[in-house]
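Everything on this sheet refers to the single structure shown next.
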Amino acid sequence: AKSFPKTEACFQRKFGTNAAAAQAEVPRKEEIEEKAAPKPFIDVQAERQEQAERSVLISCQSKTNEKKFLKLLSKHGDIKKYFYYESYGTYAVVEFANKESIASLLEATAIPSVNHESTVPFKSRLLSLRGSGPAEQSRLQCEPQTTIPINELIQRLSREESVDRQVTSLTEAYQLTEENVHLRFLVCSLVKDIAAAYFPECIIRPFGSSVNGFGKLGCDLDMFLDLDGISGRNIKVPKTGLSLEYQMKRASSERAVTQSILSVIGECVDQFGPGCVGVQKILNARCPLVRFAHQPSGFQCDLTANNRVAMKSTELLYLYGALDQRVRCMVFTVRCWARAHGITSSIPGAWITNFSLTVMVLFFLQRRSPPIIPTLDHLQELAGPGDKSVIEGNDCTFVSDFSKIQLHNNTETLEQLLREFFEFYGSFAFTKMSINIRKGKEQNKPEVAPLHIQNPFEPSLNVSKNVNGTQLERFVALCQESSWLLQQSDISTPRGGSEGQTPVPWGLATLLLPSQVAVIKGRKKRKREPASERIKSLLESLKNKNQQKKS
Ligand code: CTP
Ligand code: MG
């Protein structure tokens, strides 16, 4: 079994406590391979949030004189980190070493007067740089905030020399960058400054794919308005003494309170929020939310409140993703494959969602022999007293300390796992069985629905309730096709390809090409050729392309 050592202990064991000992002690091979335990989710969140509060977002010109720009800012304190990016203009994210620098900087800024228009006098940390001297010859070096287009990805993957490399290369191309995560926390922190007008102690926390380890560049930014610090939800009220409560406003339900809070905050974001455009209040949804675009960052934002279960499921996904690097690789690959074939969509409807797909990948990894990741029930058994969490009557407790988790020694390659994944779901008993990551075993379906995936923290709910029969059928057919393709030797061997030429798709790249199944199932009335014919023609076309390249 593999386990994570605690960071400090591991460091001391490997390198000793002083330089001489470090030289004398040569670490054993197993020790080098042993990775330090990842940080618990809440620690990562707290660090990022604190970093965001020391940061500002500045609109500048692409040919800004960088030296002068940094000198101007340094007047207010030491700069710890900065980077530039483009989104309808050029922006800089600047992180100061101390929070005091922000106050000093804001003090020195003025609210601009605009001809024929008036501005709402709201001083935010979204600034713009004026008159920083003559433009430079060279442009600022910008960090990418979006993924490469799918065609470019297919070409990149076709140049790799193994399916394993293809899968990791896809993950590297799609995952959020350090800078993008910094920007996400900064946008939450800017929205917090607006909400703080009503609730000074509130926190706006990102959740979902921005922080669960499975986010793709360009994914939406899910935010959660956390008022627990004010409401003192987890604090025992003393029997005697002064109570803060005095003729407080009440509503008929917690839902009604959430709706009224989101309604005013939504209004405030709309009227006073710099850079916030297209604000929509969607208060009658199962989970009420305010949707808007944050123009300077380019993020589509969904602001919710009182959504603590979603925060827990985000933490669970983070934990699973950090346990074994194959988990994130598999999730990124399956999500990308699903998007390429229109199994998932950016429009809400009867499609399978990214969240459902992720749970399906986790379930598959629990079903390997030996399992790659533990069941949720097991993670609950390992929980310590500080991990206890009950939300609206549901027990959401599970371990947060990675060093308590022992993993089995499963050595399957990504290529094997990918093939097995498609085989697994290509022949899964969807009609009878429900997918359950709490037990790590399929269960009898408790209700009729084409696809049943038990919500890990609200067992009575089906995560994929929206999915209809047609969409499930398409998913199964595509799994079967992909599993078949990966078993063909001409498809699963690298094609090589000369420098400067478009490489011939092979392996994972082939799976991302438009499928025949998708076309035929999409237009039901068309006559169907037998599956073997369709795949034969696909193979033929690939061979032809290969020959063309060689000649
Ligand atoms: N969530 C949930 N139950 C659902 C749907 C969502 O608990 N039925 C939670 C999950 O924690 C999910 C988060 O809400 O991660 C955000 O949902 P969504 O934006 O739909 O999914 P993401 O995981 O953020 O993926 P995407 O990249 O598609 O936005
Ligand atoms: Mg999301």
Side-chain angles (χ1 to χ4, degrees), residues 41 45 145-147 171 174-176 180-181 184-185 187-188 204-226 282 285-294 297-322 327-328 330-340 342-363 376 389 391-392 394 396 398 434-438 449 451-467:
F41 180 72
Q45 291 265 314
Q145 307 299 316
T146 51
T147 56
T171 309
Y174 271 21
Q175 69 192 351
L176 301 182
N180 192 266
V181 175
R184 284 170 188 269
F185 275 84
V187 171
C188 287
I204 299 227
R205 304 182 187 280
F207 72 98
S209 58
S210 298
V211 285
N212 66 16
F214 302 116
K216 172 187 156 191
L217 280 173
C219 69
D220 65 358
L221 173 54
D222 302 295
M223 308 173 174
F224 160 64
L225 172 68
D226 188 349
I282 310 169
R286 190 182 77 85
C287 183
L289 69 128
V290 175
R291 178 166 287 172
F292 60 95
H294 187 259
S297 61
F299 294 141
Q300 180 69 40
C301 306
D302 277 350
L303 175 65
T304 59
N306 199 11
N307 194 7
R308 286 176 304 138
V309 180
M311 208 66 213
K312 266 294 172 193
S313 73
T314 301
E315 180 180 349
L316 180 68
L317 261 46
Y318 165 84
L319 185 133
Y320 276 131
V327 179
R328 290 180 61 244
M330 283 295 290
V331 171
F332 273 100
T333 305
V334 170
R335 280 186 175 198
C336 174
W337 166 86
R339 191 71 183 89
I343 293 174
T344 51
S345 163
S346 54
I347 311 156
W351 292 274
I352 299 179
T353 61
N354 273 335
F355 182 62
S356 298
L357 269 182
T358 308
V359 179
M360 288 170 92
V361 174
L362 296 178
F363 181 72
L376 178 51
S389 165
I391 302 169
E392 284 152 28
N394 292 309
C396 303
F398 62 90
S434 160
I435 290 165
N436 185 320
I437 59 163
R438 186 165 271 289
L451 176 60
H452 197 282
I453 303 174
Q454 194 196 60
N455 187 317
F457 297 118
E458 292 169 283
S460 62
L461 299 181
N462 173 11
V463 170
S464 52
K465 196 176 157 192
N466 62 313
V467 177

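The shown structure was predicted, so the numbers you read here are calculated from the model rather than taken from an experiment. Order of listing sets the numbers, starting from 1, for every ligand and every atom in it. Values below: every heavy atom of this structure, side chains too, minus hydrogens, waters and symmetry copies.
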Which residue and non-hydrogen atom of the protein lie closest to [atom], and at what distance in Å?
atom	answer
atom 17 (O) of ligand 1	Asp222 OD2, 4.3 Å
atom 6 (C) of ligand 1	Phe355 CD2, 3.9 Å
atom 29 (O) of ligand 1	Asp220 OD1, 2.9 Å
atom 26 (P) of ligand 1	Ser209 OG, 3.5 Å
atom 28 (O) of ligand 1	Asn354 ND2, 2.9 Å

Q.
For a side chain to side chain donor-acceptor pair (under 3.5 Å) check, start with the C-alpha distance between Asp220 and Gln300, then their side-chain angles and the critical distance, and finish with the verdict.
A. CA-CA 5 Å; Asp220 65 358; Gln300 180 69 40; over 6 Å; no

Would you compute the distance between atom [atom1] of [X] and atom [atom2] of [Y] and round it to the nearest 0.5 angstrom?
X	Y	atom1	atom2	result
Leu221	Phe207	CG	CZ	9.5 Å
Phe299	Phe292	CZ	CZ	11.5 Å
Thr333	Arg335	OG1	CZ	11.5 Å
Arg291	Asp302	CZ	CG	4.0 Å

Q) Applying side chain to side chain donor-acceptor pair (under 3.5 Å), which residue pairs with at least one partner in residues 311-320 are found, sequence neighbours left out? A) Lys312-Glu315, Tyr320-Gln366

Q: State, with a plain yes or no, whether a side-chain heavy atom of Leu461 is found less than 4.5 Å away from one of Arg286.
A: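 In short, these two side chains touch, coming nearer than 4.5 Å.
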
Which ligand 1 atoms does [X] reach within 4.0 Å, using its non-hydrogen atoms?
X	result
Phe207	13 (C), 14 (O), 16 (C)
Ala310	9 (C), 11 (O), 14 (O)
Gly208	13 (C), 15 (O), 16 (C), 24 (O)

Q: List in chain and number order the residues that pass salt bridge (Lys or Arg N to Asp or Glu O under 4.0 Å) with Arg205, two or more places apart in sequence or in another chain; answer none if no residue qualifies.
A: Asp226

Q: Take the Mg ion (ligand 2) and tell me which protein N, O or S atoms are nearer than 2.8 Å.
A: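 Atoms qualifying: Asp220 OD1, Asp222 OD2.
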
Q: Answer side chain, backbone, both or neither: which part of Arg339 comes under 4.0 Å from ligand 1, heavy atoms only.
A: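 Within the 4.0 Å criterion, Arg339 makes no contact with ligand 1.
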
Q.
Does only the side chain of Thr314 get under 4.0 Å from ligand 1, or the backbone, or both, or neither? Count heavy atoms.
A.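 Under 4.0 Å from ligand 1, Thr314 contributes backbone and side-chain atoms.
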
(Q) Looking at Trp351, is its backbone amide N or carbonyl O close enough to the side chain of Asn466 to form a donor-acceptor pair, meaning the two atoms are under 3.5 Å apart? (A) yes

Q: Keeping the roles fixed (side chain from Thr304, backbone from Cys287), state whether a donor-acceptor pair exists under 3.5 Å.
A: no

Q: Determine, considering heavy atoms only, which of Ser313, Ser346, Pro206 sits nearest to atom 7 (O) of ligand 1.
A: Ser313

Q. Taking only residues two or more places apart in sequence, or in another chain, which ones meet Asn462 in a side-chain hydrogen bond (donor to acceptor under 3.5 Å, both in side chains)?
A. Ser464

Q.
Would Lys216 count as a contact residue for ligand 1, given that I'm defining contact as a non-hydrogen atom of the residue lying under 4.0 Å from a ligand atom?
A. no

Q: Could you tell me whether atom 20 (O) of ligand 1 has at least one protein heavy atom nearer than 4.0 Å?
A: no

Q) Any chance the side chains of Thr344 and Arg339 put a donor and an acceptor closer than 3.5 Å? A)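 No, because no side-chain N or O of Thr344 sits under 3.5 Å from a partner of the opposite role on Arg339.
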
